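Since this is a predicted model, take the numbers as computed values, not measurements. Naming: A, B, ... by sequence-line order, numbering from 1 per chain.
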Amino acid sequence: MDKILVIVGPTGVGKSQYSIELAKRLNGEIISGDAYQIYKAMSIGTAKITKEEMQGIPHYLVDELCFDHPYSVADFQRVAREHIQTIISRGKLPIICGGTGLYIKAVLYDYVFEKEEIDEVYKDQLKNYSNEELYEQLKEIDSKSLETIHVNNRQRVERALLIAHSGKLKSDIVDEQQHKLLYNATIIGLTLPRDQLYEKINQRVNVMMEKGLLKEIEQLIKIANDDKIEDIWNLQAMKGIGYKEWKSYFEKEATKEETIALIQKNSRNFAKRQYTWFNNQLDVNWINVTTKEQTLKEALEIVKN
RNA sequence: GGUUCCAUAGCUCAGUCGGUAGAGCAAUGGAUUGAAAAUCCAUGUGUCGUUGGUUCAAUUCCAACUGGAACCA
């Protein structure tokens, strides 16, 4: 199996910085395992690292899409795997670094995404039903998929119905998988005590403001106007933390201070969800990020073993 | 200095005509297979300011004290 290194951790813990240091020492190249850093013109709010900070280490899946394009776990899985092969063929170590748990798991494990064509007419029809009605429909078609989907989780109930409608059942697709790693992956998780992490997150949002987050949003709105995009706030890319919160601000329903506080809160909540995923879905070697030298030493040791 | 009011969860506060208490927000735990920075589920964490008194029983009534607020000097 091909050897790869994976660096995960909650938002704001300092993954990017460590990935560079490790890449330098291990002759590696970095693939971003992040759902939002793929978008161009969204740099401050996604805390993207700059060209200088990359220190010449090649990065993939950063700055590749316009913000009006959709991006999905299936896209990520396909392209990330291609990059892994290319990097290995050059004799380098692939390092996946990011905070999007689902994306990273989908690459590492044998997740299968069938080729599908969405039936837009059927999708539209679903809008006419209540959560309960959709749930009942799914119970008839694919009751097994309901084991991990709650009635109120409309997004995922609809998704399971769409999958069933396009051919195979979602539960069958999952059952056919072996849930095994496809790579010899070492997964390192960077962590901090919760209160320290939250403090860092709050500070980071303040720094984003100083760097011009609001200007970045205004710029995106301008691009959207020029491109005649109707509702910018409906774009997938604008659902990201640090972006979606500004809708209320521009509609004069929230002050700047309230918006900043909301971004901080959403970031903290997100960090907590990330921990839930990494703790329960991946086999993570956790390293407490207190001193930089110690962290690197520990990380290198884990990689060797 | 005097009078009055306040003190209950991390915060803002409700409440118990005396039987050890509950909302919102924050927070915590969990699910997660094509929106995942998304979407959804669950959970009240408390010497009811301190010390005494009355009482079978005090967070609740009484007193003193401590801290805070307002008003009068």
Classify the side chain of A:H179 versus the base of B:rU33 as yes if they form a donor-acceptor pair under 3.5 Å and no if they do not.
yes
Across every strand shown, the nucleotide meeting Watson-Crick or G-U wobble geometry with B:rA14 (both distances under 3.5 Å) is none
Using a heavy-atom cut-off of 4.0 Å across all strands, would you classify A:T46 as base, sugar-phosphate, or nothing?
base
Are A:Q274 and B:rA36 close enough that a side-chain N or O sits under 4.0 Å from OP1 or OP2?
no
For B:rA27 and A:N269 - does any side-chain N or O of the residue sit under 4.0 Å from the phosphate oxygens OP1/OP2?
yes
Under a 3.5 Å distance rule, please check whether A:K123 uses its side chain to pair with a backbone N or O of A:I118 as donor and acceptor.
no
Which of the following nucleotides, B:rA37, B:rU33, B:rU39, is nearest to the side chain of A:V174?
B:rU33
Between A:D75 and A:V151, name the one whose nearest nucleotide on RNA chain B is closer to the 5' end.
A:D75
Quick check: on RNA chain B, is the nucleotide nearest A:Y111 upstream (toward 5') of the one nearest A:F270, or the reverse? Name the residue that is more 5'.
A:Y111
Can you tell me how far P of B:rA36 sits from CD of A:Q155, to the nearest Å?
9 Å
Describe the nucleic acid contact of A:V73 in one word from base, sugar-phosphate, nothing, applying a heavy-atom distance below 4.0 Å.
sugar-phosphate
Gap between atoms CD and P, on A:Q264 and B:rA37 respectively (whole Å):
19 Å
Respond yes when some side-chain nitrogen or oxygen of A:N152 is under 4.0 Å from OP1 or OP2 of B:rC40, and no when none is.
no
Taking atom C1' of B:rU39 as reference, at what distance in whole Å does atom CG of A:L134 sit?
14 Å
Do we see a donor-acceptor contact under 3.5 Å between the side chains of A:Q264 and A:Y198?
no
From CG of A:L65 over to C1' of B:rA35, roughly how many Å is that when rounded to an integer?
14 Å
Looking at A:R154, is its backbone amide N or carbonyl O close enough to the side chain of A:N131 to form a donor-acceptor pair, meaning the two atoms are under 3.5 Å apart?
no
Under-4.0 Å side-chain N/O to phosphate OP1/OP2 contact, A:T148 with B:rA31:
no
Let me know the distance between OH of A:Y198 and P of B:rA26, rounded to the nearest Å.
12 Å
What is the nucleic acid contact for A:I163, judged by heavy atoms within less than 4.0 Å: base, sugar-phosphate only, or nothing?
sugar-phosphate
Roughly how many Å is it from CZ in A:F76 to P in B:rA35, rounded to a whole number?
15 Å
Return the orientation label for the A:Y249 and A:W246 ring planes: parallel under 30°, perpendicular over 60°, tilted otherwise.
perpendicular
Please confirm whether the ring centroid of A:F67 lies under 6.0 Å from the ring centroid of A:Y39.
no
From B:rA31, B:rU32, B:rA37, pick the nucleotide closest to the side chain of A:I241?
B:rA37
For the side chain of A:Q37, counting heavy atoms from C-beta on, which of B:rA26, B:rA37, B:rA35 is nearest?
B:rA37
Mind checking if A:R194 touches a base, just sugar-phosphate, or nothing, with heavy atoms under 4.0 Å?
sugar-phosphate
Just verifying a value: how many Å separate A:I260 CD1 and A:K265 NZ, rounded to the nearest 0.5 Å?
15.5 Å
Sort out the partner of B:rG19 for me: Watson-Crick or G-U wobble, both distances under 3.5 Å, none otherwise.
B:rC56
Which of B:rC40, B:rG29, B:rA36 is nearest the side chain of A:N153? It is B:rC40
Reckon A:Y109 touches a base, only the sugar-phosphate, or nothing at all at heavy-atom distances under 4.0 Å?
nothing
Rounded distance in Å - CD1 (A:I149) to C1' (B:rC41)
13 Å
Look at all strands and tell whether A:R273 reaches a base, only sugar-phosphate, or nothing, counting heavy atoms closer than 4.0 Å.
base
When we call it a touch if two heavy atoms are under 4.0 Å apart, what does A:D34 touch: a base, just sugar-phosphate, or nothing?
base
Base, sugar-phosphate, or nothing for A:Y103, non-hydrogen atoms under 4.0 angstrom?
sugar-phosphate
What does B:rG29 pair with, Watson-Crick or G-U, if both distances are under 3.5 Å?
B:rC41
Find the partner of B:rA35: check Watson-Crick (N1-N3 plus N6-O4 or O6-N4) and G-U wobble (N1-O2, O6-N3) distances, both under 3.5 Å, and reply none if neither fits.
none
